[in-house]
There are 2 protein chains.
Amino acid sequence: MARNNAKDIFLNYIKEKGLRYTKQREAILEAFLASGKHITIDDLYNTVKKTNQEIGYATVHRNLKLMTECGLADEIKIGSHKTRFEQKYGHEHHDHLICMKCGKFIEVHDDKIERLQEKLAEANDFAPQRHKLEIYGLCKKCR
Amino acid sequence: MARNNAKDIFLNYIKEKGLRYTKQREAILEAFLASGKHITIDDLYNTVKKTNQEIGYATVHRNLKLMTECGLADEIKIGSHKTRFEQKYGHEHHDHLICMKCGKFIEVHDDKIERLQEKLAEANDFAPQRHKLEIYGLCKKCR
DNA sequence: ATTAATATTGATAATTATTATCAATATAGC
DNA sequence: GCTATATTGATAATAATTATCAATATTAAT
């Protein structure tokens with residue numbers, strides 16, 4: 001059901017903006033929603049290509065941006081290289097612990113920190129909308 | 001004095017690694033230490049170029065990386081585009097409030113949040129080394 | 001169902017940022 | 001000063017993302 005809602009959000013966004021719902025768009029959306037966390041554009045391109053040989057890289061790229069615009073996806077940039085996208089809808093907001101050795105991501109959440117962030121923003125006359133907290137270090141195996 | 005210490009850190013790092021101290025390296029270091037916050041490579045290149053016409057872009061790039069390696073600089077990537085560097089030495093650690101409209105950075109700090117982050121990491125058997133907290137929203141003027 | 005208007009696609013070129021290459025030069029230690 | 005080699009600077013190569021544009025597909029209207 002979460003997936004259907006996510007799809008609805010996408011469809012509404014498409015409609016509102018006067019855009020069109022294409023086969024490619026559907027295939028990319030479905031593949032993204034079915035994907036694991038932290039997928040790259042390449043990953044998604046390869047996945048969609050399996051059932052949709054004629055798909056173009058640029059199309060996947062464009063639509064991933066579109067999903068980000070409508071709030072279904074979130075861009076995360078770690079280190080220097082590839083941008084990854086993760087699903088937002090139906091997933092709680094979380095922060096990341098990132099192992100600098102093996103590259104593992106651990107998702108974490110702390111309500112106290114969230115609340116303190118709100119306060120911190122308010123104290124600076126700032127209206128927060130979203131945030132990103134990344135803690136770099138060594139995970140259990142690598143420390 | 002903070003600047004001299006920063007220079008010492010750089011000189012020590014150079015020596016330890018068996019590297020050499022060149023005119024260009026000195027000019028770039030000085031310019032960086034004298035620079036404002038959140039400077040881009042282009043900014044620094046243009047600044048150094050004024051007193052050092054023959055400097056190459058790649059040299060500035062390389063040395064900014066070197067300063068990052070030895071802990072004098074920190075890379076910050078906001079939004080999509082240019083990487084910026086900020087001074088670490090002699091500056092307290094801080095987080096950023098980033099206005100999505102005008103692009104303004106506000107530097108903030110909260111000890112409670114810092115401590116909670118430590119706890120959060122520990123609770124996950126994670127050894128934190130550094131972190132990045134960015135809160136996006138609208139600043140006083142833009143809200 | 002046709003048609004008309006136009007958004008989308010896909011292949012590729014262009015752009016942007018960063019990194020690698022390499023001959024010429026400068027530096028550090030002897 | 002001499003030697004070994006790190007550095008520089010110009011440029012090429014990579015890599016990631018974005019722009020271009022003719023062909024095609026979708027939507028809404030007829």
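Residue numbering restarts at 1 for every chain, and letters A, B, ... go by the order of the sequence lines. All values reported here derive from a predicted model rather than from experimental measurement. Excluded from the calculations below are hydrogen atoms, water molecules and symmetry mates; all remaining heavy atoms, backbone and side chain alike, are included.
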- Going by distance alone, is a donor N or O of one side chain under 3.5 Å from an acceptor N or O of the other, for H131(A) and E134(B)? no

- Check whether the side chains of Q87(B) and Y89(B) place a donor and an acceptor atom closer than 3.5 Å, and report yes or no. no

- Task: Please report, rounded to the nearest Å, how far the P atom of dT8(C) is from the CG atom of L29(A).
- Result: 15 Å

- When the distance from NZ of K15(B) to C1' of dG29(C) is rounded to whole Å, what number comes out? 11 Å

- Task: Tell me which nucleotide among dG10(C), dT9(C), dT8(D) gets nearest to the side chain of N63(A).
- Result: dT9(C)

- Message: Distance check needed: dT27(D) P versus I14(A) CD1, whole Å only.
- Response: 10 Å

- Item | Gap between atoms CD and P, on Q53(B) and dG9(D) respectively (whole Å) | 12 Å

- Query: Taking OP1 and OP2 of dA16(D), is either one under 4.0 Å from a side-chain nitrogen or oxygen of T83(A)?
  - Reply: no

- Task: For dT19(C), take OP1 and OP2 only and decide whether either is under 4.0 Å from a side-chain N or O of H61(B).
- Result: yes

- Message: Taking 4.0 Å as the cut-off, does a side-chain nitrogen or oxygen of K23(A) come that near to OP1 or OP2 on dT26(D)?
- Response: yes

- Query: How close or far is atom P of dA28(C) from atom CD of E16(B), stated in whole angstroms?
  - Reply: 16 Å

- Message: Show, in sequence, the C-alpha distance, side-chain angles and deciding distance for E75(B) and K65(B), and conclude whether the salt bridge (Lys or Arg N to Asp or Glu O under 4.0 Å) test is met.
- Response: CA-CA 9 Å; E75(B) 278 188 43; K65(B) 288 282 179 189; 3.0 Å; yes

- Task: Kindly point out which of dA7(C), dA10(D), dA6(D) is positioned nearest to the side chain of R20(A)?
- Result: dA7(C)

- Message: At less than 4.0 Å, is any side-chain N or O atom of Q24(A) found next to OP1 or OP2 of dT8(C)? Yes or no.
- Response: no

- Using atom OH of Y45(A) as one end and atom C1' of dT17(D) as the other, report the distance to the nearest whole Å. 15 Å

- Nearest-Å distance for atom pair CG/P, residues L66(B) and dT18(C): 17 Å

- Should the pair H94(A) and H96(A) be assigned to parallel (<30°), tilted (30 to 60°) or perpendicular (>60°) ring geometry? perpendicular

- N/O (side chain, K65(A)) to phosphate O (OP1/OP2, dT18(D)) under 4.0 Å: yes

- Query: Between dA7(C) and T22(A), is there an OP1 or OP2 to side-chain N/O distance shorter than 4.0 Å?
  - Reply: no

- Query: Considering only side-chain heavy atoms of R62(B), which listed nucleotide, dG9(D), dT19(C), dA6(D), is closest?
  - Reply: dG9(D)

- Task: Give the nucleotide from the list dT7(D), dT27(D), dT18(C) with an atom nearest to the side chain of Y57(B).
- Result: dT18(C)

- Item | Whole-Å distance separating the CZ atom of R25(B) from the P atom of dA28(C) | 10 Å

- Going by atom types only, do H109(B) and D111(B) share a side-chain donor-acceptor pair under 3.5 Å? yes

- 5'-most contact on DNA chain C: N52(A) or I41(B), nearest heavy atom basis? N52(A)

- Selection from dG9(D), dT7(D), dA25(D) that lies nearest to any side-chain heavy atom of L19(B): dT7(D)

